[in-house]
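Have a look at the structure below before the remarks.
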Amino acid sequence: MDQKQGTKANPIAFDHESPEHAENWPDEFREMREKCPVAWTDRHGGYWVATSYDAVVEMARDPETFSSAKSFDPETASGSGGITIPFTPIPRGLPVESDPPEWNLFRDFINRRFAPKAVEGFRQDARNFATALLNRVIETGEMDLVNDFTGPVPAMVTMKLMGLPLSEWREFADPLHTMVFTPKEAPEYAQVVAGVDWIFQRCAEEFMRYKGLPEEPNLLSYFAHQPVGGRLLELNDVLSLANNIIIGGVDTTTALTTHALEYLHHHSEAKARLMAEPSLVPFAREEFLRVFSPIHCLARNVTRSVEVAGQDVDEGDRVMLVWAAANRDPAVFESPDEVNFDRASNRHLAFGSGIHRCIGSSFARMMFEEMIAQMFARIPDWTIDYEGARRYRSIGTINGWETMPIRFPPGPKVPCDFEI
Ligand code: HEM
């Protein structure tokens with residue numbers, strides 16, 4: 001790449017969805033950040049790629065210029081905007097694909113349900129789910145870390161939060177994970193989409209059912225009973241909220257925890273240190289969030305021509321905010337590619353920045369802690385079968401693992417208040 005690259009006249013060869021990018025992303029971003037921190041690529045109709053910490057923060061904190069709004073027409077399955085490139089032909093997520101003042105309405109409506117105190121109310125549930133899931137496999141000495149553990153725990157906590165029946169956990173957990181990595185052209189894709197459609201159909205059914213009952217302490221019941229901006233929610237708003245909470249919260253936390261356990265498997269000193277000093281776990285967790293950045297990047301729409309990091313971007317352009325690249329910017333993080341539990345300051349962007357900053361961060365942090373604690377207590381020695389393990393082939397949305405078979409010395413089941 002020479003200095004003149006990265007403009008519309010001289011675009012870079014870059015595609016955040018390509019398998020090559022999934023293989024080489026830290027190197028690719030290092031070069032882009034150094035030479036053209038806001039660079040143009042012609043892929044997917046053309047978009048700017050922001051890789052430096054400062055450029056990403058500047059855009060994330062200016063929602064008037066860098067809008068998240070999405071339009072979608074279900075009749076034609078067409079639309080524009082939103083936070084994904086290429087455009088995803090499904091209704092928008094709420095609040096994430098809205099701008100102020102509409103954003104304020106929906107974010108205020110759900111904020112309290114995601115506050116740290118509310119999240120603590122789910123800790124015992126997360127612990128029970130993790131305990132019960134390990135009880136299913138612990139006597140066998142093997143499991144698929146992703147499909148048997150790090151996938152189901154966040155799925156079950158999210159079901160409880162939403163007010164969906166926990167007996168359906170398998171039907172809920174599997175499609176959410178499979179959808180993220182199954183290529184759209186694969187023969188099984190239609191089946192995966194049907195599984196995800198089923199989840200939203202169940203949300204619609206439960207929402208309608210809760211309308212006829214007194215209010216219960218779960219989100220679908222709350223949506224059925226409480227007004228937003230003076231009116232009760234329409235079903236399409238409920239599905240947009242459910243879409244953002246479910247798709248935003250499940251596979252992301254799975255990816256974070258799987259990356260962490262994979263890292264600890266081949267860094268035995270770091271693992272021994274964490275096991276001996278549990279007070280370090282929150283610091284380790286923030287490092288894993290920074291280094292692995294489960295949500296790789298998200299898009300915005302440019303509403304007025306403006307200059308960012310020395311680059312002119314035009315009204316109507318699309319721009320990609322790369323959290324994963326900003327999180328390894330050496331201008332902000334010393335030795336950025338290293339996991340360092342003793343890092344003095346860690347202002348990572350794994351949960352985003354600005355008004356859309358992740359509302360579920362306390363849930364993610366709590367679920368991570370509970371899963372790691374269960375693993376350390378009950379399966380302290382695991383080995384990964386790398387022959388069978390597979391990373392996502394495309395990491396354009398979520399950077400995670402499809403599957404990760406592990407083996408361990410079998411152990412006993414333990415008593416648990418929750419039966420699967
Ligand atoms: C490790 C796990 C997670 C990661 C890395 C993550 C990452 C992010 C990021 C980067 C954003 C910013 C979006 C933007 O700027 O366009 C975001 C927003 C959001 N996240 Fe998370 N998230 C995680 C877990 C969760 C969980 C557990 C939930 C729900 C239970 C959740 C729900 C949401 C919602 C609703 C938004 C939209 C907030 C808004 O627009 O105001 N996330 N998340």
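Note that the coordinates shown come from a computational prediction; the quantities given were computed from them, not determined experimentally. Indexing begins at 1, ligand by ligand and atom by atom, following the structure's order.
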Q: Take every heavy atom of Ser68, measure it against each atom of ligand 1, and state whether any distance is under 4.0 Å.
A: no
Pro95 heavy atoms within 4.0 Å reach ligand 1 at atoms 39 (C), 40 (O), 41 (O)
Check your understanding: Between Glu206 and Arg202, is there a salt bridge with N-O shorter than 4.0 Å?
Key -> yes
Check: Asn24/Glu20 side-chain N/O donor and acceptor closer than 3.5 Å: no
Atoms of ligand 1 under 4.0 Å from any heavy atom of Gly352, numbered from 1 in the order shown, are 10 (C)
Counting from 1 in the order shown, the ligand 1 atoms closer than 4.0 Å to a non-hydrogen atom of Thr253 are 2 (C), 27 (C)
Within 4.0 Å of some non-hydrogen atom of Arg300, the atoms of ligand 1 are 14 (C), 15 (O), 16 (O)
Closest to atom 22 (N) of ligand 1 among protein heavy atoms sits Cys358 SG, 3.1 Å
Legend entry - Parallel, tilted or perpendicular: ring planes of Phe29 versus Phe14, cut at 30 and 60 degrees: tilted
The answer for which part of Met366 has a heavy atom under 4.0 Å from ligand 1 is neither
Taking only non-hydrogen atoms of Trp103 and a 4.0 Å limit, the atoms of ligand 1 in range are 39 (C), 40 (O), 41 (O)
Within the 4.0 Å heavy-atom cut-off, what Arg107 brings close to ligand 1 is side chain
Q: Say whether His259 and Trp401, considering side chains only, have a donor N or O and an acceptor N or O under 3.5 Å apart.
A: yes
So for Trp323 against ligand 1, with non-hydrogen atoms under 4.0 Å, the contacting part is side chain
Self-check item: Distance-only N or O hit between ligand 1 and His356, under 3.5 Å
Solution: yes
Atom 26 (C) of ligand 1: closest protein heavy atom, distance to 0.1 Å, is Gly249 CA, 3.2 Å
| Is the ring centre of Tyr210 less than 6.0 Å from the ring centre of Phe223? | no
Result for side-chain contact (heavy atoms from CB on, under 4.5 Å) between Ser293 and one of Leu256, Asn399, Asn327, Thr252 points to Asn327
Give the C-alpha distance, both sets of side-chain angles, the deciding distance and a yes or no for ring-ring contact (aromatic ring centres under 6.0 Å, His included) between His265 and Tyr386.
-> CA-CA 11 Å; His265 166 251; Tyr386 279 103; 5.8 Å; yes
One finds that the ligand 1 atoms under 4.0 Å from a non-hydrogen atom of Ile295 are 6 (C), 7 (C), 8 (C)
Note: Ala350, heavy atoms under 4.0 Å from ligand 1, region reported as backbone
The option among Ile359, Val119, Val250 carrying the non-hydrogen atom nearest to atom 33 (C) of ligand 1 is Ile359
- [ ] For the pair His348 and Phe351, name the ring-plane relationship: parallel under 30°, tilted 30 to 60°, perpendicular over 60°.
- [x] tilted
closest protein heavy atom to atom 11 (C) of ligand 1 is Phe351 O, 3.7 Å
* Is a salt bridge present between Lys8 and Asp42, judged by a nitrogen-to-oxygen distance below 4.0 Å? -> no
| said: Taking only non-hydrogen atoms of Phe114, do any sit less than 4.0 angstrom from ligand 1? | reply: yes
Atom 36 (C) of ligand 1 sits nearest the protein heavy atom Asn244 ND2, 3.7 Å
Is the ring centre of Phe181 less than 6.0 Å from the ring centre of Tyr392?
yes
### Task
Evaluate the ring planes of His44 and Tyr47, with Trp represented by its six-membered ring, and classify them as parallel (under 30°), tilted (30 to 60°) or perpendicular (over 60°).
tilted
Fill in: Glu338 atom CD, neighbour heavy-atom count above 12 within 6.0 Å
no
For Leu298, the atoms of ligand 1 under 4.0 Å from one of its heavy atoms are 13 (C), 14 (C), 16 (O)
